[in-house]
Amino acid sequence: MKTCRIVRASTTFRGKQGLDYFAGISAESAGSQAICMHRLVMPPGASAKAHYHERHETAIYMLHGAAEFRHGPKLEHCNRVEQGDYIYIPAGVPHMPYNPFDTEAIAIVARTDPNEQESVVLLEIENA
């Protein structure tokens with residue numbers, strides 16, 4: 001029987017992207033079938049590895065602070081996001097978030113992948 005679940009944010013994991021996440025909703029924690037949602041804390045100077053998510057979209061809400069992310073086939077675009085901003089990343093779009101600021105950045109990250117890390121594809125892009 002399907003049931004509602006509460007997941008306490010008590011554990012963390014290091015993603016393939018090189019960042020630490022606070023485990024939230026996923027197939028593993030809640031039995032979700034089509035979504036995952038986690039909290040990401042990026043300390044000053046933190047940077048993810050360039051990557052994309054196969055077949056899965058990503059939605060991000062910037063809860064606190066600011067960060068930047070490069071995106072595009074060769075990471076040729078750069079945007080700054082601040083507290084209160086939403087970010088949409090289509091499936092298959094290379095991106096690389098980083099925190100060049102002197103305060104931590106906190107975001108809520110949701111993807112249409114219940115297993116979180118299965119669709120992560122790391123990239124080696126020159127000058128990334």
Side-chain angles (χ1 to χ4, degrees):
M1 182 171 138
K2 294 182 180 181
T3 185
C4 297
R5 304 245 172 124
I6 295 172
V7 177
R8 306 274 183 227
S10 60
T11 60
T12 61
F13 67 92
R14 177 158 289 258
K16 291 179 189 177
Q17 309 93 313
L19 298 174
D20 293 327
Y21 295 83
F22 288 84
I25 304 299
S26 67
E28 296 81 9
S29 69
S32 65
Q33 297 178 358
I35 193 168
C36 72
M37 184 170 67
H38 303 288
R39 183 167 53 113
L40 170 64
V41 177
M42 291 181 66
S47 180
K49 297 174 184 172
H51 65 284
Y52 66 89
H53 302 270
E54 285 185 315
R55 301 176 309 277
H56 297 287
E57 298 171 296
T58 302
I60 302 168
Y61 176 71
M62 199 63 166
L63 203 57
H64 174 77
E68 294 183 353
F69 71 105
R70 295 173 60 188
H71 57 97
K74 296 184 180 181
L75 302 177
E76 65 273 20
H77 306 290
C78 183
N79 290 97
R80 177 180 175 165
V81 293
E82 299 176 351
Q83 182 173 324
D85 288 346
Y86 291 87
I87 307 159
Y88 169 69
I89 302 172
V93 173
H95 56 283
M96 185 184 80
Y98 58 98
N99 182 358
F101 305 107
D102 60 2
T103 58
E104 71 180 7
I106 302 173
I108 301 297
V109 180
R111 290 193 191 86
T112 57
D113 176 3
N115 297 301
E116 167 54 32
Q117 293 289 296
E118 287 188 14
S119 73
V120 175
V121 177
L122 298 178
L123 299 170
E124 291 201 23
I125 297 177
E126 286 188 39
N127 299 321

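For the numbers below, each heavy atom of this structure counts, side chains included, while hydrogens, waters and symmetry mates do not.
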Please determine whether residues [X] and [Y] belong to a single hydrophobic cluster, defined as Ile, Leu, Val, Met, Phe, Trp and Tyr linked transitively by side-chain heavy-atom distances below 4.5 Å.
{"X": "Val109", "Y": "Ile35", "result": "no"}
{"X": "Tyr61", "Y": "Ile106", "result": "yes"}
{"X": "Leu123", "Y": "Tyr98", "result": "yes"}
{"X": "Tyr86", "Y": "Met37", "result": "yes"}

Nearest heavy-atom neighbours spanning [X] and [Y]:
{"X": "Ser32", "Y": "Ser26", "result": "OG-C, 3.0 Å"}
{"X": "Glu57", "Y": "Thr112", "result": "N-OG1, 3.0 Å"}
{"X": "Ala67", "Y": "Ala105", "result": "CB-CB, 4.2 Å"}
{"X": "Gly72", "Y": "His77", "result": "CA-CD2, 4.1 Å"}
{"X": "Met42", "Y": "Asn99", "result": "O-ND2, 2.9 Å"}
{"X": "Val41", "Y": "Glu104", "result": "CG1-OE1, 3.4 Å"}

About how many Å separate [atom2] of [Y] and [atom1] of [X], when rounded to the nearest 0.5 Å?
{"X": "Met96", "Y": "Leu75", "atom1": "CE", "atom2": "CG", "value": "6.0 Å"}
{"X": "Ile25", "Y": "Ile6", "atom1": "CD1", "atom2": "CD1", "value": "9.5 Å"}
{"X": "Ile108", "Y": "His64", "atom1": "CD1", "atom2": "NE2", "value": "13.0 Å"}
{"X": "Arg70", "Y": "Asn79", "atom1": "CZ", "atom2": "CG", "value": "12.0 Å"}
{"X": "Ile60", "Y": "Leu40", "atom1": "CD1", "atom2": "CG", "value": "8.0 Å"}

Has the side chain of [X] got a donor or acceptor atom that lies under 3.5 Å from a matching backbone atom of [Y]?
{"X": "His71", "Y": "Phe69", "answer": "no"}
{"X": "His38", "Y": "Gly24", "answer": "yes"}
{"X": "Glu76", "Y": "Lys74", "answer": "yes"}

**Message:** Please determine whether side-chain contact (heavy atoms from CB on, under 4.5 Å) holds for the pair His53 and Thr58, giving the CA-CA distance in whole Å, both sets of side-chain angles, and the decisive distance to 0.1 Å.
**Reply:** CA-CA 8 Å; His53 302 270; Thr58 302; 3.8 Å; yes
**Prompt:** So do the side chains of Arg111 and Cys36 get within less than 4.5 Å of each other, counting heavy atoms only?
**Reply:** yes
**Message:** Which residues pass the salt bridge (Lys or Arg N to Asp or Glu O under 4.0 Å) test with Glu82, not counting sequence neighbours?
**Reply:** Arg80
